[in-house]
Amino acid sequence: MPQKLFKKLIPSPAAIKSSLPFEFLGEHIHDPNLWRLNKKSVSRAVFIGIFCAFLPIPLQMLLAAVLAILFTANLPLSVVIVWISNPFTFAPLFYACYQTGVFLLGGDGGRFHIELNWEWLRNGLPTLWKPLLTGSLVLGTAFAFAGYFATLLYWRSAVLKKWQARSKKRMKIQ
C-alpha cells in the first residue's frame, strides 16, 4: 500500500499535537480521522497542501491545518506539503503566479522592483496584489486538482500492483 510512503513523509501525531503553533486547534486535533492514511484523507491533504502552498500569505501551515480539520484530510500531510513553497522556491513560484495573473487580467507584466521597506509596501504593493492573488488562486487550484488526481491514480495503481502480486503468489502455490 502507498501508506508506507506517506508514513515516511509525515511527522508523528505526537510531534504535531505538542507543537506550539497548533495548540489553538484544541480538541479538534485529537480526532483520529485526521491521522488516518487512506485514499480519501491523503488525496484531500495533497489538495489542501498544494493549494495553501500557492497562497501568498503568512502562516500557510496554520491555514492548511484548519482546512484539514474542516475537510477531514490527513493533518500532518497537508501541513508538510505546504513546504512546496519554501525559502528556495517561493520567489519563482510567486513570480509565475504574478505572470499568470497579469496574463489573465490583461495587464502589463513589465519590470518591477521589490524593496522590503514601508515606502514600497505603501506604493508598490498595491499594483502587484491583484495579479499575484489571481494567479495564485488559479495556479493553486489547478495544481491542487492535479495533485489530488495524481494521488488517486498513484493509490489505485499501488493497490492493483499489490493485488496482482498476491494473485501471482497464489497461482504459484497451486
Can I get a per-line list of side-chain donor-acceptor pairs under 3.5 Å for residues 48-72, giving both atom names and the distance, sequence neighbours left out?
unit_1: Gln60; atom_1: OE1; unit_2: Ser85; atom_2: OG; d: 3.1
unit_1: Gln60; atom_1: NE2; unit_2: Cys52; atom_2: O; d: 3.2
unit_1: Gln60; atom_1: NE2; unit_2: Ala53; atom_2: O; d: 3.3
unit_1: Gln60; atom_1: NE2; unit_2: Leu55; atom_2: O; d: 2.6

Could you tabulate the donor-acceptor pairs under 3.5 Å formed by side-chain atoms of residues 140-149, not counting sequence neighbours?
unit_1: Thr141; atom_1: OG1; unit_2: Leu137; atom_2: O; d: 2.7

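Under the 3.5 Å distance criterion, the side-chain polar atoms of Thr89 are matched with a main-chain donor or acceptor of Ile84.
In this structure, the separation between CH2 on Trp129 and OG1 on Thr134 is 7.5 Å, given to the nearest 0.5 Å. Atom OG1 of Thr151 is separated from atom CG of Leu77 by 8.0 Å, given to the nearest 0.5 angstrom.
Note on Leu139 and Phe90: same hydrophobic cluster, where clusters join Ile, Leu, Val, Met, Phe, Trp and Tyr whose side-chain heavy atoms are under 4.5 Å apart, directly or indirectly. The same ILVMFWY cluster, assembled from side-chain heavy atoms under 4.5 Å apart, contains both Trp155 and Trp163. Under the 4.5 Å side-chain heavy-atom criterion for Ile, Leu, Val, Met, Phe, Trp and Tyr, Val102 and Leu105 are members of distinct hydrophobic clusters.
Annotation for Phe103: hydrophobic cluster partners, listed by chain and number, are Leu104, Val138 (ILVMFWY side-chain heavy atoms under 4.5 Å, direct or chained).
The two residues Lys39 and Leu152 make their nearest non-hydrogen contact at CG-CD2, 3.5 Å. Asn38 approaches Ser41 most closely through the heavy-atom pair OD1-N, 2.8 Å.
Inter-residue side-chain proximity for Arg36 and Asn74 is flagged as unmet; no heavy-atom pair is nearer than 4.5 Å.
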